[in-house]
Colleague: 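I have a structure I would like to understand better, so I am pasting it below and will then ask my questions one at a time.
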Amino acid sequence: MDTLIGIEKMVIINGEEIKIKQLGLKHLFRFVSILKKAKIVGYFMQLMTDLNSVEEETEEEKRVKYLQVVFNLIFELVEAEGEIYEFIASIVGKKKEDVENMPLDAFVKVVEAVFTSKDLTDFFSAVQRVLSKQTDQKTV
């Protein structure tokens, strides 16, 4: 498994087609690093527990819930602003500075394109497993 999100997406920003890269192992570790830097690992784990506890939702309801989680995380991650720019830049193949100067509506389009994939649950589940294993090792 070399990617965690296998469906390529494109967004158009200011007339430019931008390919959204597939999320893989490097993105997983960058994301975990961001959560740890912002000291919100517990918050992320609780969000995931809450998401996984709800059953029988439509695909649209799940998509909306995941977007809510993503935007909640973004607002909790102010301590890791630079790392978020780098993370998004690595996904869209741009420089950190390009992401920093991206119009807000373009940033929202990118976030929606990345985090509305049907395979997003695999990415978040992988992050959750990595964090759970780390927590388990610290308690041993």
Side-chain angles (χ1 to χ4, degrees):
M1 170 180 27
D2 42 307
T3 61
L4 296 172
I5 293 186
I7 302 168
E8 292 183 2
K9 293 190 173 196
M10 299 285 281
V11 293
I12 298 175
I13 299 175
N14 297 332
E16 177 187 1
E17 278 190 358
I18 297 178
K19 179 181 172 184
I20 305 296
K21 294 182 180 181
Q22 297 175 335
L23 293 178
L25 188 60
K26 73 178 182 179
H27 300 107
L28 177 114
F29 286 107
R30 279 188 179 175
F31 190 73
V32 169
S33 175
I34 290 168
L35 294 175
K36 289 175 90 174
K37 179 175 182 173
K39 299 178 180 161
I40 63 163
V41 170
Y43 177 69
F44 174 81
M45 297 296 276
Q46 184 59 52
L47 286 174
M48 290 306 297
T49 300
D50 294 347
L51 274 174
N52 293 329
S53 67
V54 178
E55 296 179 16
E56 302 203 19
E57 294 181 329
T58 66
E59 286 301 314
E60 180 62 18
E61 290 170 330
K62 287 179 187 176
R63 186 186 77 76
V64 168
K65 279 193 165 194
Y66 271 96
L67 279 176
Q68 288 172 338
V69 166
V70 168
F71 283 106
N72 285 343
L73 285 172
I74 288 171
F75 287 112
E76 291 293 325
L77 293 171
V78 293
E79 295 85 0
E81 179 182 359
E83 288 83 354
I84 291 173
Y85 293 142
E86 290 172 1
F87 180 71
I88 298 296
S90 73
I91 295 171
V92 297
K94 297 287 182 185
K95 294 179 183 173
K96 176 184 172 185
E97 295 77 24
D98 295 334
V99 174
E100 288 174 343
N101 296 314
M102 191 179 280
L104 184 57
D105 65 325
F107 178 76
V108 170
K109 282 183 187 178
V110 168
V111 168
E112 286 178 335
V114 171
F115 293 105
T116 57
S117 168
K118 290 185 179 185
D119 296 333
L120 179 65
T121 54
D122 292 342
F123 180 74
F124 275 166
S125 293
V127 171
Q128 187 178 17
R129 283 194 311 272
V130 166
L131 292 172
S132 293
K133 295 209 181 294
Q134 182 203 18
T135 304
D136 292 345
Q137 290 177 351
K138 285 186 175 182
T139 59
V140 172

Colleague: Measure across Ile12 and Lys109 and return the closest heavy-atom pair with its distance rounded to 0.1 Å.
Modeller: O-NZ, 3.4 Å

Colleague: Applying side-chain contact (heavy atoms from CB on, under 4.5 Å), run through Phe31 and Phe44 and close with a yes or a no.
Modeller: CA-CA 11 Å; Phe31 190 73; Phe44 174 81; 3.8 Å; yes

Colleague: Is there a side-chain contact between Tyr85 and Met102 in this structure, where contact means two heavy atoms from C-beta onward sitting under 4.5 Å apart?
Modeller: no

Colleague: Please report the interatomic distance CG(Leu28) to OG(Ser33), rounded to the nearest 0.5 Å.
Modeller: 11.0 Å

Colleague: Could you tell me which non-hydrogen atom of Met10 sits nearest to which non-hydrogen atom of Lys19, and how far apart they are?
Modeller: SD-CA, 3.3 Å

Colleague: Over all heavy atoms of both residues, which pair between Lys96 and Gly82 is shortest? Give the atoms and the distance, please.
Modeller: CE-O, 3.7 Å

Colleague: How many angstroms lie between atom CD1 of Ile34 and atom CG of Leu73, to the nearest 0.5 angstrom?
Modeller: 10.0 Å

Colleague: Report the distance from atom CD1 of Ile18 to atom CD1 of Ile91, rounding to the nearest 0.5 Å.
Modeller: 12.5 Å

Colleague: Any side-chain heavy atom of Val11 sitting closer than 4.5 Å to one from Val92?
Modeller: no

Colleague: Any non-hydrogen side-chain atom of Ser90 less than 4.5 Å from a side-chain atom of Arg30?
Modeller: yes

Colleague: Between Met45 and Ser132, what is the shortest heavy-atom contact and its length?
Modeller: CE-OG, 3.1 Å

Colleague: Decide side-chain contact (heavy atoms from CB on, under 4.5 Å) for Val110 and Ile88; before the verdict, give the C-alpha distance in whole Å, the side-chain angles of both, and the deciding distance to 0.1 Å.
Modeller: CA-CA 8 Å; Val110 168; Ile88 298 296; 3.9 Å; yes

Colleague: Where do Glu76 and Tyr43 come nearest, in terms of heavy atoms and distance?
Modeller: CG-CE2, 3.5 Å

Colleague: So does Lys94 pair up with Glu16, basic N to acidic O under 4.0 Å?
Modeller: yes

Colleague: With rounding to the nearest 0.5 Å, note down the distance linking CZ in Phe75 to CD1 in Ile40.
Modeller: 12.5 Å

Colleague: Evaluate the side-chain contact (heavy atoms from CB on, under 4.5 Å) criterion for residues Phe87 and Val99: first the C-alpha distance (whole Å), next the side-chain angles of each, then the deciding distance (0.1 Å), finally the verdict.
Modeller: CA-CA 10 Å; Phe87 180 71; Val99 174; over 6 Å; no

Colleague: Tell me, with the steps shown, if Glu97 and Glu100 meet side-chain contact (heavy atoms from CB on, under 4.5 Å).
Modeller: CA-CA 5 Å; Glu97 295 77 24; Glu100 288 174 343; 4.2 Å; yes

Colleague: List the residues meeting salt bridge (charged side-chain N to carboxylate O under 4.0 Å, His left out) with Lys37, not counting sequence neighbours, and say none if there are none.
Modeller: Glu83

Colleague: Give, for atom NZ of Lys39 and atom CG of Leu77, the distance between the pair rounded to the nearest 0.5 Å.
Modeller: 13.5 Å

